[in-house]
Structures are given as structure tokens and as C-alpha cells.
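A, B, ... follow the sequence lines: proteins, then strands. Residue 1 opens every chain.
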2 protein chains.
Amino acid sequence: MLEQNELKKAGLKVTLPRVKILEIIESNPDWHMSAEDVYKELLNRGDDVGLATVYRVLTQFEAADILKRHQFEGGKSVFELISKGDHDHLVCIKTGLVEEFHDPVIQERVAAIAEQHGFDLTDYSLVIYGISDQAKNKKK
Amino acid sequence: MLEQNELKKAGLKVTLPRVKILEIIESNPDWHMSAEDVYKELLNRGDDVGLATVYRVLTQFEAADILKRHQFEGGKSVFELISKGDHDHLVCIKTGLVEEFHDPVIQERVAAIAEQHGFDLTDYSLVIYGISDQAKNKKK
DNA sequence: TTCAGTGCAAACGATTTGCACCGTA
DNA sequence: TACGGTGCAAATCGTTTGCACTGAA
């Protein structure tokens, strides 16, 4: 139900693939999923959706401001719900673990720097790379 | 001459392709070059180096801490000399213009956030996207 | 009914790799 | 001379696209 409203609001026809993909992403709010991840999840659920459609739908959702695309390192794009709100990311280079944080001081500095350089701020990307506690404990 | 020392210091045999590629990058300190850019520059100079070698050499330079790789948006990697020192980037989404800045406040916050989350800070990436003055003036 | 949406396979662009030859140390 | 380095072409990987078919409004 909820998905249908979101889709209509975005001017997207309510189709099975779109509803299913949105369901999957909304049911994994802590997981930054790639197109491949979503595709596999669909297969797991027995839903028959082509990989090309997953890519198309994710791109449409990004354009509709339902999802935000991130690159991190490693070539592949990952997506997360915009409704989760503003935040940046910490990525563990050993485990791939992704954590989120929100820092007003940084946001303020970013806005100030953009202005100083004569840029109309559109967006910014901040990713902190490091080795998480978990990864360190495993090593011992 | 200088290039030869840099290469030896990095444990890399001093070969023609490596010297030439390093020369090109050092002679364009304000240009964030892609593998393709370097390759074309080599062709312009009449040097016959394969694109595969450019990729291999750039990757080796990255591993040797001579270059830093950035992704920005658009899929392709660009490289710049590490010897230029610490800085982050502003990228104009209209023109592709790249400017650099250095902000101690942000660096301090990044370190603090990593620590709070139990991450050993390895690196971070901050890119501010916006529309530069130049792009705005063109539009008028 | 109609046209946007979809599945499939082929096309793509950036990057990597296998292999035989070449040039530094 | 020996072995790492190189050029070329083929292979990969994530992603996009052409086309005929399908299903939501």
C-alpha cells in the first residue's frame, strides 16, 4: 500500500517490479544494496525480474528522490532510502561494514567552503575509510 | 633525473614508459588526469606506449604512494600527485572544473568521528559538488 | 486499447589479464 | 643473460540499450 503511494507520488506507474524492488529496499533499511544484491534478493523470493529492469528501476528511483546512489570504493553503485535522512558514511576496508553518522559542524564547513569558492552547493560526498573494531578483533 | 630517483625509491625499475608517464603527470600539476588523458598526452608527444601499460603504471604509482586515485562522479578514475599534499575537492557538475581546498576543522571532525565509531582511520574522501561561478556566468 | 514498462541478449566503456616479445640491471 | 616490463588483443565487470512483447490504466 505504502509503496503504491510513493510510486504514484513520483509519477511512476505502479508495476510489479517497481513495487517488489521498493519492498526489498524498505525491508533492509540498514543494508546499502547494489543492483546485483537487489536482483539476488528478488530471485530468493521467487520473483522473476530481469537484472536490466533492476538497473532501470533503481535509476528511476534515484531520479525521483526515493533513493540516493553512493559509489564507495569498488566500482559498483549502492543505494539507500533518502527517507532515512541526511548522513555520511564510515566504511570498514576489511569487512565492508558501513556505518552512518551525522555531523553538523562538517555540513556547515562544507557550505562555507562552497560559498568561498563561488560554488552553488548541490551535494557533497564524505566517506571515512578505516578498520573497524570488529575487524581488529578478528585479527587477534 | 628526478623521476629516476622517485622510481628507484619506490622499488620500480626505471623504464621508458614509467619515466614518461611520471613526467606528464608532474608537468600538469593542476590537472586531475585519467588513464585515457595520460595515454592521449603520450600519443601527442609521439611516445608509443600502450593503454594497458598506462593503467598498470598508474596502479603501481598508486601503490607506491606517488599518486592518489579519485573517483568523483562518472565512473572513470583520475590521478594526482601525492606530493601536492593533503586537500579535498570541489567539482563543478556543469563544467567538470576541479578546485582544491584544505580545511583543518573538517579533518579534525573526521578523526574524531572515526574514533567515536571504533575505526582506525585509514583515509577519507570528501568531494563537494556544485555549480561554479563560471558555469553560472555562461548561462546568462 | 494504448503506450509505458519489461525481459532478453547484445552493446558498452573502463579496466584487467594472458601471452609472447623486449629492454633494463 | 635473466627476469621484470611491455604491447596487443581478448577477457571481465558493472551497467546500458535495442527490440519485440506484455500488462497497467
Between [N] atom [atom2] and [X] atom [atom1], what is the distance in whole Å?
{"X": "B:L51", "N": "C:dG13", "atom1": "CG", "atom2": "C1'", "answer": "11 Å"}
{"X": "B:K76", "N": "D:dG14", "atom1": "NZ", "atom2": "C1'", "answer": "16 Å"}
{"X": "B:L7", "N": "C:dA25", "atom1": "CG", "atom2": "P", "answer": "10 Å"}
{"X": "B:F72", "N": "C:dA14", "atom1": "CZ", "atom2": "P", "answer": "17 Å"}
{"X": "B:L12", "N": "D:dG4", "atom1": "CG", "atom2": "P", "answer": "13 Å"}
{"X": "A:Y39", "N": "C:dG7", "atom1": "OH", "atom2": "C1'", "answer": "10 Å"}

B:S77 pairs by side-chain contact (heavy atoms from CB on, under 4.5 Å) with which of B:E62, B:Q71, B:H70? B:Q71
Could you check which of D:dG7, D:dT6, C:dT6 has an atom nearest any side-chain atom of B:V57? D:dT6
Quick check for you: among C:dT15, C:dG5, D:dT17, whose closest atom lies nearest to any side-chain atom of A:A52?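 Among C:dT15, C:dG5, D:dT17, the one nearest the side chain of A:A52 is D:dT17.
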Under 3.5 Å donor-acceptor pair, B:R56 side-chain atoms to C:dG18 base atoms: yes
Is any side-chain nitrogen or oxygen of [X] closer than 4.0 Å to OP1 or OP2 of [N]?
{"X": "B:Y55", "N": "C:dT15", "answer": "yes"}
{"X": "A:T15", "N": "C:dA4", "answer": "no"}
{"X": "B:K13", "N": "D:dG5", "answer": "no"}

How many angstroms lie between CG in B:L126 and CZ in A:R109, if you round to the nearest 0.5 Å?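 It comes to 11.0 Å.
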Considering every strand and a 4.0 Å limit on heavy-atom distances, what is the contact class for A:S34: base, sugar-phosphate, or nothing? nothing
5' precedence on DNA chain C between A:D48 and B:G74 (nearest-nucleotide basis):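 Closest to the 5' end, via its nearest nucleotide, is A:D48.
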